[in-house]
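In what follows, every heavy atom counts, from backbone to side chain, and hydrogens, waters and symmetry copies are set aside. Convention: sequence-line order gives letters A, B, ...; per-chain numbering from 1.
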There are 2 protein chains.
Amino acid sequence: MPTKTVPYTAGQERIARYAKALSHPARVYILRFLDKQCACYVGNIVEELPMAQSSVSQHLKELKNAGLIQGTVEPPKVKYCINRENWREARAMFAAFFEEG
Amino acid sequence: MPTKTVPYTAGQERIARYAKALSHPARVYILRFLDKQCACYVGNIVEELPMAQSSVSQHLKELKNAGLIQGTVEPPKVKYCINRENWREARAMFAAFFEEG
DNA sequence: ATAGTTTATCGTAAAAATACGATTGTCTTA
DNA sequence: TAAGACAATCGTATTTTTACGATAAACTAT
């Protein structure tokens, strides 16, 4: 009698969520860029990427929703940086996922 | 004069690819399951997951395409296991990604 | 007030992901 | 040869993702 009711663990849902945030090259690029620069304005990111400003904005939104970045308004600009707390958590989760045998 | 022609690095494309494989809880579950069991048949996985056999097969295909698992036919079954070489590469890439400042 | 700068959001179109049932192909066993 | 077991594939429907241009919102500077 198969279970078939198994939902996933909270940890599995969480790592899938972080993985989804990293599942597009543009978002990997943005995270890497922010990690290097420590922080920067949206315009700097738009300059780097081969896509429209609105598309970049959408990617930033997803990264923010995943908890990996955070933005602060500095009129008339917005500065983004890595959310270090969740960054550490993501690192730990991926490390644990690949380590455990 | 913004570049705008920047494609992503091979490493960025690669990590995005691995992340995409991990971006669904069912696939995280499958990988974790295979990592624990060392190897098992498709039927064992289907038993565990709350979805149709055809859907599980689809997820297995994606994991295989991403290079994270491999299957061997043992009539009338198919046994899957982690592709350790790429598993190690993925671990290294995620570790490097989150480590570098 | 007006004009300019910066970024988010809206509306939309096209593509990809997800899930299902049904079918097919392969191999065993009766 | 026929029947059964297993897993992949097909066809399809629904949802989500991705991208764009246009517009709106927030603030500065003139």
Peer 1: Taking atom P of C/dA8 as reference, at what distance in whole Å does atom CD of A/Gln70 sit?
Peer 2: 14 Å
Peer 1: Would you indicate whether the side-chain heavy atoms of A/Val28 and B/Tyr8 approach each other to under 4.5 Å?
Peer 2: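 The answer is no, as the side chains (C-beta and beyond) never meet within the 4.5 Å cut-off.
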Peer 1: What residues, two or more places apart in sequence or in another chain, satisfy ring pair (Phe, Tyr, Trp, His ring centres under 6.0 Å) together with A/Tyr18?
Peer 2: none
Peer 1: Residues of residues 76-83 of chain B with any non-hydrogen atom less than 4.0 angstrom from an atom of DNA chain D: list those, numerically ordered, please.
Peer 2: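 Listed by number, they are B/Pro76, B/Lys77, B/Val78, B/Tyr80.
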Peer 1: What residues form a side-chain contact (heavy atoms from CB on, under 4.5 Å) with A/Ser54, not counting sequence neighbours?
Peer 2: A/Ala52
Peer 1: Let's see if you get this right: which residues in residues 58-65 of chain A place a heavy atom under 4.0 Å from DNA chain D?
Peer 2: A/Gln58, A/His59, A/Glu62
Peer 1: Is there side-chain contact between B/Leu22 and A/Phe94, with at least one heavy-atom pair below 4.5 Å?
Peer 2: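 Side chain of B/Leu22 against side chain of A/Phe94, heavy atoms only: contact under 4.5 Å found.
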Peer 1: Under the rule for ring pair (Phe, Tyr, Trp, His ring centres under 6.0 Å), what residues qualify as partners of B/Tyr80, not counting sequence neighbours?
Peer 2: none
Peer 1: What is the distance, to the nearest angstrom, from the CD1 atom on B/Ile30 to the C1' atom on C/dT18?
Peer 2: 13 Å
Peer 1: Does a side-chain N or O of B/Ser55 approach OP1 or OP2 of C/dT18 to a distance below 4.0 Å, or not?
Peer 2: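 Result: no.
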Peer 1: Return the value, rounded to whole Å, for the distance between atom CG of B/Leu49 and atom P of C/dT18.
Peer 2: 14 Å
Peer 1: Tell me every residue that passes side-chain contact (heavy atoms from CB on, under 4.5 Å) with B/Thr9, counting only those two or more places apart in sequence or in another chain.
Peer 2: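 Per chain and number, B/Thr9 pairs via side-chain contact (heavy atoms from CB on, under 4.5 Å) with B/Gln12.
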Peer 1: Using heavy-atom distances to pick each residue's nearest nucleotide on DNA chain D, tell me which of A/Lys20 and A/Val73 is more 5'.
Peer 2: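 With A/Val73 and A/Lys20 compared, the 5'-side residue is A/Lys20.
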Peer 1: According to side-chain contact (heavy atoms from CB on, under 4.5 Å), who are the partners of A/Ala39, at least two apart in sequence or on a separate chain?
Peer 2: A/Lys79, A/Cys81
Peer 1: Counting only pairs under 3.5 Å, give me each side-chain donor-acceptor contact of residues 56-67 of chain A, with atom names and distances, residues two or more places apart or in other chains.
Peer 2:
unit_1, atom_1, unit_2, atom_2, d
A/His59, ND1, A/Arg27, NH1, 3.0
A/Glu62, OE1, A/Arg27, NH1, 3.2
A/Asn65, ND2, A/Lys61, O, 3.4

Peer 1: Between B/Trp87 and A/Phe98 (side chain of the first, backbone of the second, donor and acceptor by atom type, cut-off under 3.5 Å), is there such a pair?
Peer 2: yes
Peer 1: Provide the full list of salt bridge (charged side-chain N to carboxylate O under 4.0 Å, His left out) pairs with a residue in residues 85-94 of chain A, sequence neighbours left out, each pair given once.
Peer 2: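 Residue pairs passing salt bridge (charged side-chain N to carboxylate O under 4.0 Å, His left out), neighbours aside: A/Arg14-A/Glu89, A/Arg91-B/Glu99.
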Peer 1: Could you tell me the separation between the CE atom of A/Met51 and the C1' atom of C/dA15, rounded to a whole number of Å?
Peer 2: 15 Å
Peer 1: 5' to 3' on DNA chain D, which nucleotides open and close the contacts with chain A (atom under 4.0 Å from a heavy atom)?
Peer 2: D/dT17 to D/dC27
Peer 1: Mind checking what makes side-chain contact (heavy atoms from CB on, under 4.5 Å) contact with B/Lys77, not counting sequence neighbours?
Peer 2: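 If we apply the side-chain contact (heavy atoms from CB on, under 4.5 Å) test to B/Lys77, skipping adjacent residues, the hits are B/Tyr41.
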